[in-house]
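Working notes, structure below.
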Amino acid sequence: MRRSALVTGSRERVGAMATALEAVEFSVTGVSDPTTLSQVCAGFEPGSLHCYVQMPGRIVPRSGSVVGRLREFLTQGLLARYEASAQVVPVLSDDAVVVLVSGNHPSVSGLPDDQAARVGLLRVLAQAILADTADTNVHAAVVEHGRSTAEIAELARQGGGQRLRIVSDYGQTGDISYVDWRLRILELASTEG
């Protein structure tokens with residue numbers, strides 16, 4: 001029996017990721033319209049979703065000012081990912097794998113960028129998902145955009161390892177426990193404050 005997977009993000013990214021997940025034996029539901037996600041999640045029995053892959057969505061900043069466009073970029077992008085995850089968590093199985101894939105770059109639109117901060121916010125989201133599923137064996141991975149859909153699908157298929165895995169193109173690849181992650185954050189806060 002195929003395991004169930006849900007993929008969210010832009011239409012192009014959802015289609016490519018769905019194909020890759022089907023190749024590793026997942027039965028995939030794709031959602032490219034965030035307004036339909038709650039209805040799709042209602043179609044899953046609680047605890048029945050084995051895999052959630054969150055790809056970047058489509059972002060269309062319209063404001064005239066740089067601050068306004070950056071606010072829209074964050075609202076439509078990173079913050080919308082938190083809302084989507086909140087809808088998906090209740091239907092995750094006890095051994096689900098969640099993969100959060102980075103990808104939208106504000107610098108492409110001429111906006112200021114801090115890639116480490118953007119990926120850091122995805123890591124915080126992964127930690128929040130793990131905290132909400134603390135009494136289960138849910139695993140989460142944060143994957144930077146340079147990975148192929150086949151690599152992401154294989155990561156989803158394998159699952160396991162530490163509860164949080166960071167797959168980075170910038171030398172921060174590896175498994176990290178929740179305790180180690182908290183210690184790193186505390187160290188950063190004490191050296192920057």
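Below, each value reflects all heavy atoms present in this structure, side chains not excepted, and no hydrogens, waters or symmetry copies.
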What verdict does the side-chain contact (heavy atoms from CB on, under 4.5 Å) test give for Glu12 and Arg58, after you've listed the backbone C-alpha separation in whole Å, the side-chain angles of each residue and the deciding distance to 0.1 Å? CA-CA 10 Å; Glu12 313 80 45; Arg58 184 155 159 55; 5.5 Å; no
Please evaluate residues Thr36 and Val31 with respect to the criterion side-chain contact (heavy atoms from CB on, under 4.5 Å), reporting the C-alpha separation (whole Å), side-chain torsions for both, the decisive distance (0.1 Å), and the verdict. CA-CA 7 Å; Thr36 65; Val31 176; 3.6 Å; yes
Within 6.0 angstrom of Arg11 CZ, more than 12 heavy atoms from elsewhere: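 Check fails, neighbour count at 12 or below.
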Counting neighbours of CD on Gln39 that are heavy atoms of other residues, nucleotides or ligands and sit closer than 6.0 Å, is the number greater than 12?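 Atom CD in Gln39 is not packed in, count stays at 12 or less.
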Do any N or O atoms from the side chain of [X] and from the backbone of [Y] form a donor-acceptor pair under 3.5 angstrom?
X      : Y      : answer
Arg2   : Phe26  : yes
Ser93  : Leu49  : yes
Glu72  : Arg62  : yes
Arg163 : Ala140 : no
Glu151 : Ser148 : yes
Ser102 : His145 : yes

Closest non-hydrogen atom pair, Gly103 against Pro56: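 Residues Gly103 and Pro56, closest heavy atoms: CA-CG, 3.5 Å.
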Minimum heavy-atom separation for Cys41 to Val88, with atom names?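 Heavy-atom minimum between the residues: SG-CG2, 3.9 Å.
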Can you tell if the side chain of [X] reaches within under 4.5 Å of the side chain of [Y], non-hydrogen atoms only?
X      : Y      : result
Val119 : Val142 : yes
Asp95  : His50  : yes
Thr29  : Leu6   : yes
Ser85  : Gln54  : yes
Tyr52  : Thr8   : yes
Leu21  : Arg3   : no
Val89  : Ile129 : yes

By the definition side-chain contact (heavy atoms from CB on, under 4.5 Å), identify the one residue from Val101, Leu155, Ile152 that meets it with Val167.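 That would be Leu155; it is the only one of Val101, Leu155, Ile152 passing the side-chain contact (heavy atoms from CB on, under 4.5 Å) with Val167.
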Got a second to check how far [X]'s [atom1] is from [Y]'s [atom2], nearest 0.5 Å?
X     : Y      : atom1 : atom2 : answer
Arg81 : Leu100 : CZ    : CG    : 6.5 Å
Leu37 : Ser32  : CG    : OG    : 11.0 Å
Glu22 : Met17  : CD    : CE    : 10.0 Å

Test: Glu154 and Arg157 ion pair at under 4.0 Å: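 Salt bridge flag = yes for Arg157 with Glu154.
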Are Tyr82 and Leu164 joined in one hydrophobic group, where the rule is that I, L, V, M, F, W and Y side chains link up if heavy atoms are under 4.5 Å apart?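 Shared cluster, yes.
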Shared hydrophobic cluster, Phe73 / Leu79 (ILVMFWY, side-chain heavy atoms < 4.5 Å):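 No; tracing contacts between hydrophobic side chains, which count when under 4.5 Å, never links both residues.
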Please step through side chain to side chain donor-acceptor pair (under 3.5 Å) for the pair Arg71 and Ser65, ending with a clear verdict. CA-CA 10 Å; Arg71 177 186 45 84; Ser65 71; over 6 Å; no
